[in-house]
Amino acid sequence: MPELPEAERARALIADRGLGRVIAAVEDGDSYVCRPHAPGELAAALVGRRLTSANRIGKTLWLETDRGGPDLGLHLGMAGRIVIDEEPHERWDRFALTFDDGGRLALRDKRRLGRAVLEPDLSRLGPDAALATRAEFRAGVGRGAGPIKARIMDQAVIAGVGNLLADEILWQARIDPRRPANQLSGPELDALRRAVRAAVRHALREGGAHTGALNPHRERDGHCPRCGAPLSRARIAGRTTYWCPAEQR
DNA sequence: AGCATTGTTTCACA
DNA sequence: TTGTGAAACAATGC
């Protein structure tokens, strides 16, 4: 599930129900999810601290702590979500903070590809996909000979677009996902930027990256919900990609 | 049984 | 050197 909209939802949840609470204990025993930290390292750094802010760029979250404490970086990976004050889940809670009021914030993640780290490295993230300026977007997205889909999914170029959102955006903008990025015109890049913002807004409102108009048709033998043409399917940028060969040029 | 999967990182290669 | 694509990572669902 997690792309930018899900991450923003998690951030808002933490901002609403996590801030101001004091960490009494930390479940950091999953050394894969907490890598490169050893078990106990996050606990030692965080116990006694109060959560003071919840922030996000793209799909990466980080929480600030009081009195000069470290930032706690969280990433939802392929299947993670944040739950607060819910019954603990034995298998799928890969990391958790217990608060001194008895409550609990957990990273619940079936696939175990989520992350919890101290002082996350944000230096390799581009601007948030929904906030990139027109100049940033043109300069970053319009560069390189690789397919445009790979470009908008590159978190160092713009942060937050994953596979489902990328297909939706390109379909809305009527651009062929295989087009070399540096072959798109300025107006096309501007249209793509508008499609990114619209798709993010829509997904935020509707509850996730899977709520786009194209999504229900992203399957073998799917058809374009606009024109009815059979959708094409191929592996682009390492991910399964669906597009309308009649409309996307 | 085998394959696919909404994410990221690393590595081989051009 | 820079960029690109494939594979690895873990675990689950079809």
Side-chain angles (χ1 to χ4, degrees), chain A residues 1-11 29-37 56-62 73-82 89-95 107-117 120-126 128-130 139-171 177-183 196 199-200 202-204 206-222 231 233-243:
Chain A
M1 305 196 10
E3 298 187 36
L4 186 155
E6 288 79 5
E8 171 54 22
R9 207 157 235 240
R11 190 207 62 77
D30 190 322
S31 54
Y32 185 75
V33 168
C34 297
R35 71 189 182 284
H37 301 294
R56 179 191 62 78
I57 294 177
K59 308 170 193 174
T60 300
L61 305 172
W62 73 97
L74 295 171
H75 194 291
L76 302 176
M78 190 92 88
R81 61 194 181 102
I82 298 295
H89 192 291
E90 183 88 17
R91 279 225 332 267
W92 295 338
D93 288 355
R94 312 294 183 175
F95 173 84
L107 170 60
R108 186 160 297 176
D109 178 15
K110 284 186 186 182
R111 297 288 193 275
R112 213 176 161 204
L113 289 170
R115 294 291 294 275
V117 299
D121 177 17
L122 307 174
S123 67
R124 298 209 299 279
L125 287 180
D128 188 81
V141 176
R143 171 157 46 205
I148 185 62
K149 178 171 178 182
R151 214 59 200 147
I152 63 174
M153 284 177 51
D154 186 337
Q155 305 301 300
V157 177
I158 53 170
V161 176
N163 196 32
L164 294 185
L165 218 39
D167 279 3
E168 176 73 17
I169 288 162
L170 291 164
W171 178 75
R178 303 166 297 181
R179 286 264 303 280
N182 59 12
Q183 189 212 299
V196 168
V200 167
H202 180 271
L204 243 24
E206 299 298 321
H210 59 285
T211 60
L214 177 66
N215 195 61
H217 308 272
R218 278 182 93 264
E219 56 185 18
R220 283 173 206 274
D221 305 321
L231 292 177
R233 174 183 189 276
R235 202 146 184 96
I236 300 174
R239 321 293 300 194
T240 299
T241 304
Y242 290 88
W243 74 97

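Excluded from the calculations below are hydrogen atoms, water molecules and symmetry mates; all remaining heavy atoms, backbone and side chain alike, are included. A note on names: the letters A, B, ... follow the listed sequences, proteins ahead of strands, and every chain is numbered from 1.
At B:dT5, one or more side-chain N or O atoms of A:R235 fall inside 4.0 Å of OP1 or OP2 (strictly under the cut-off). Note on A:T240: a side-chain N or O is less than 4.0 Å away from OP1 or OP2 of B:dT5. In this structure, A:H75 does not reach the B:dG7 phosphate: none of its side-chain N or O atoms is under 4.0 Å from OP1 or OP2.
Ion pair A:R56/A:D128 flagged as a salt bridge, since at least one NZ, NE, NH1 or NH2 atom sits closer than 4.0 Å to an Asp/Glu carboxylate oxygen. Note on A:E6 versus A:R9: no salt bridge recorded, every NZ/NE/NH1/NH2 to OD/OE distance being 4.0 Å or above.
Atom C1' of nucleotide B:dT9 and atom NZ of A:K59 are separated by 13 Å, given to the nearest angstrom. What separates CG of A:D121 from P of B:dT8 is a distance of 13 Å, to the nearest Å. Atom CD1 in A:I148 sits roughly 15 Å away from atom P in C:dG3 (whole-Å rounding). Atom CG in A:L76 sits about 13 Å away from atom C1' in B:dT8, given to the nearest Å. In this entry the distance linking NZ of A:K149 with P of C:dT4 reads 16 Å, nearest Å. In this entry the distance linking CD of A:E6 with P of B:dT5 reads 17 Å, nearest Å.
Stem analysis of DNA chain C (at least three stacked-register Watson-Crick or G-U pairs, each with both distances under 3.5 Å) gives B:2-5 with C:11-14, B:7-14 with C:2-9.
Exactly one residue among A:R81, A:K110, A:R108 makes a salt bridge (Lys or Arg N to Asp or Glu O under 4.0 Å) with A:D93. That residue is A:R108.
Taking each heavy atom of A:T241 and A:P177 in turn, the nearest pair found is CG2-CG, 3.9 Å.
By the 4.5 Å heavy-atom criterion applied to side chains, A:E168 and A:H202 are not counted as neighbours. Side-chain atoms of A:K149 and A:N163, non-hydrogen and from C-beta on, do get closer than 4.5 Å to each other. In this structure the side chain of A:W62 reaches within 4.5 angstrom of the side chain of A:I57, judged on heavy atoms. For the pair A:L170/A:I152, a side-chain contact is recorded, criterion being any heavy-atom separation below 4.5 Å from C-beta on. Proximity of A:L214 to A:L231: side-chain heavy atoms (C-beta onward) are separated by under 4.5 Å at one or more points.
In this structure a side-chain-to-backbone donor-acceptor pair under 3.5 Å is present from A:N215 to A:H210. Looking at A:Q155, its side chain never comes within 3.5 Å of a backbone N or O of A:G126 through a donor-acceptor pair.
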Going 5' to 3' through nucleotides 7-14 of chain C, assign each nucleotide B (protein heavy atom under 4.0 Å from a base atom), S (under 4.0 Å only from sugar-phosphate atoms) or - (no protein heavy atom that close). --BBBBS-
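Of the residues in residues 150-170 of chain A, A:Q155, A:G162, A:N163, A:L164 come within less than 4.0 Å of DNA chain B through at least one heavy atom, sorted by number.
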Enumerate all atom pairs, one protein N or O and one N or O from nucleotides 12-14 of chain B, separated by less than 3.5 Å.
none

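More than 12 heavy atoms of other residues, nucleotides or ligands sit less than 6.0 Å from atom CG of A:D121.
Using a 4.0 Å heavy-atom distance criterion, A:A237 is classed as making no nucleic acid contact. Counting any heavy atom pair closer than 4.0 Å across all strands shown, A:P5 reaches no nucleic acid atom.
Scanning for side chain to side chain contact (heavy atoms under 4.5 Å, CB included) contacts around A:R233 gives A:R220, A:T240, A:Y242, with sequence neighbours left out. For A:P180, the side chain to side chain contact (heavy atoms under 4.5 Å, CB included) test picks out A:N182, A:Q183, with sequence neighbours left out.
For the P atoms, the distance linking B:dT9 with C:dT12 amounts to 23 Å, nearest Å.
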